Number of protein chains: 2
Amino acid sequence: MESEPTSSQAGTPYERTCTIRGDGGRAIRAVLDRVADKWTLLVVATLASGRMRFTELHRHVPGVSQRMLSLTLRNLERDGLATRTAYAEVPPRVEYDLTPMGRSLIAPALTLASWAIENNTDIEMSRAAYDARTP
Amino acid sequence: MESEPTSSQAGTPYERTCTIRGDGGRAIRAVLDRVADKWTLLVVATLASGRMRFTELHRHVPGVSQRMLSLTLRNLERDGLATRTAYAEVPPRVEYDLTPMGRSLIAPALTLASWAIENNTDIEMSRAAYDARTP
DNA sequence: CAGCATCCTGAAAGATACTG
DNA sequence: CAGTATCTTTCAGGATGCTG
């Protein structure tokens, strides 16, 4: 990782004003590296309604491939955000569920999602306008 | 042996329980496509303390290349999250600032960042444990 | 100073096929 | 059912050099 030359600019007190990157952005990096891929938040959001098995998940998360779902779930399990329970039955049954930590991610994600919903139109329009005046 | 009949899905009323993906994930997709790249949130966070010019920004966002900073800023401007003001001087001076909409993104981002800070250690440990038992 | 133009790479993700 | 195994594509992002 990178050492922090935060002292480069002693005169700027903005680190105190905005804790979002008080550590040089390491926190943001961490959370983004964790959840900013294409499927993680979607899977977490789907699991938010309760435990679910693989195929169910596959149906409920539109567009995800088996491969990506599999990878995403494994990472969630690895990070301690979801549990995987395999039942020794035939046919096999595997159920996924959020851990308390996984569930604690829902609220922050929801905040962001709400922001997205509220501002989506404005952003869309801003883009269109920008593209229109920029050939 | 049938275990308990996982009462998870009765039809699918979970869309009401969890607005995070009530639209099939389009909102999440939208916001992630917007801010989940490597630099956007960091730049927004940096601009949160006030308007800044290019080189200043370049110094304050550790690790960013000129190219990526330039691209990030252009996208922020395009999305209506930041403004770009060029002064007709020599040498040139260009200042960037957040728009109200851009500023409104800070709080949600902060929520997520806080979650990251709070849970980072647990996740790290979970990972280590997972990797240890998975050769 | 504030950038754009190029070239290049690795990692993420999609498509498809196969299995315990 | 619940996944792997491969192969291929894509493209974000880094490195470098040049300019108004």
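Every value quoted in this text rests on a predicted model; they were computed, and no experiment measured them. Every chain is numbered from 1, with letters handed out A, B, ... down the list of sequences. Side-chain atoms are counted along with the backbone in the values below, which use heavy atoms only and exclude waters and symmetry mates.
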Participant: 5' to 3' on DNA chain C, which nucleotides open and close the contacts with chain B (atom under 4.0 Å from a heavy atom)?
Facilitator: C:dC1 to C:dT6

Participant: Taking the side chain as everything from C-beta on, heavy atoms only, tell me whether A:W39 gets closer than 4.5 Å to A:L69.
Facilitator: no

Participant: Under a 3.5 Å threshold, yes or no: a donor from one side chain and an acceptor from the other, between B:N120 and A:R34?
Facilitator: yes

Participant: Is any side-chain heavy atom of B:N119 less than 4.5 Å from a side-chain heavy atom of A:L81?
Facilitator: no

Participant: A:T85: which residues meet the side chain to side chain donor-acceptor pair (under 3.5 Å) condition with it, sequence neighbours left out?
Facilitator: none

Participant: Tabulate protein N/O versus nucleotide N/O from nucleotides 18-20 of chain D, keeping only pairs under 3.5 Å, one per line.
Facilitator:
none

Participant: Ignoring hydrogens, what is the shortest heavy-atom contact between A:S126 and B:G80? Give both atom names and the distance.
Facilitator: OG-N, 3.0 Å

Participant: Under a 3.5 Å cutoff, is there a donor and acceptor pairing between the side chains of A:T40 and A:D37?
Facilitator: yes

Participant: Does this structure show an ion pair linking A:R103 with A:D97, if we count only N-O contacts that are shorter than 4.0 Å?
Facilitator: yes

Participant: Less than 4.5 Å apart, side chain to side chain, heavy atoms only: is that true for B:I106 and B:L98?
Facilitator: yes

Participant: With axes from five pairs an end, tell me the bend angle of the helix from C:dC1-D:dG20 to C:dG20-D:dC1, nearest 10°.
Facilitator: 60°

Participant: Can you find a pair of side-chain heavy atoms, one from B:T134 and one from A:R78, that are under 4.5 Å apart?
Facilitator: no

Participant: Looking at every heavy atom in both A:P62 and B:G24, which two are closest together, and how far apart are they?
Facilitator: CG-O, 3.6 Å

Participant: Could you check if a side-chain atom of B:F54 sits within less than 4.5 angstrom of a side-chain atom of B:L73, using non-hydrogen atoms only?
Facilitator: yes

Participant: Measure the spacing between CG of B:D33 and CG of B:N75 and express it to the nearest 0.5 Å.
Facilitator: 11.5 Å

Participant: Applying salt bridge (charged side-chain N to carboxylate O under 4.0 Å, His left out) to A:R51 and A:E95, what does each step give before you reach the verdict?
Facilitator: CA-CA 6 Å; A:R51 58 168 47 200; A:E95 290 191 341; 2.7 Å; yes

Participant: Have a look at B:Y96 and say if it touches a base, only the backbone sugar-phosphate, or nothing, with a 4.0 Å heavy-atom cut-off.
Facilitator: sugar-phosphate

Participant: So which of residues 72-80 of chain A are in contact with DNA chain C, with a heavy-atom cut-off of under 4.0 Å?
Facilitator: none

Participant: Are side-chain heavy atoms of A:L47 and A:L57 found at a separation under 4.5 Å?
Facilitator: yes

Participant: Polar atoms only, N or O, under 3.5 Å: list the protein pairs with nucleotides 12-14 of chain D and their distances.
Facilitator:
from, atom 1, to, atom 2, distance (Å)
D:dG13, OP1, B:K38, N, 3.0
D:dG13, N7, B:R67, NH2, 2.3
D:dG14, OP1, B:K38, NZ, 3.1
D:dG14, N7, B:R67, NE, 3.4
D:dG14, O6, B:R67, NE, 3.2

Participant: Any heavy-atom pair between the side chains of B:I123 and A:M101 that's under 4.5 Å?
Facilitator: yes

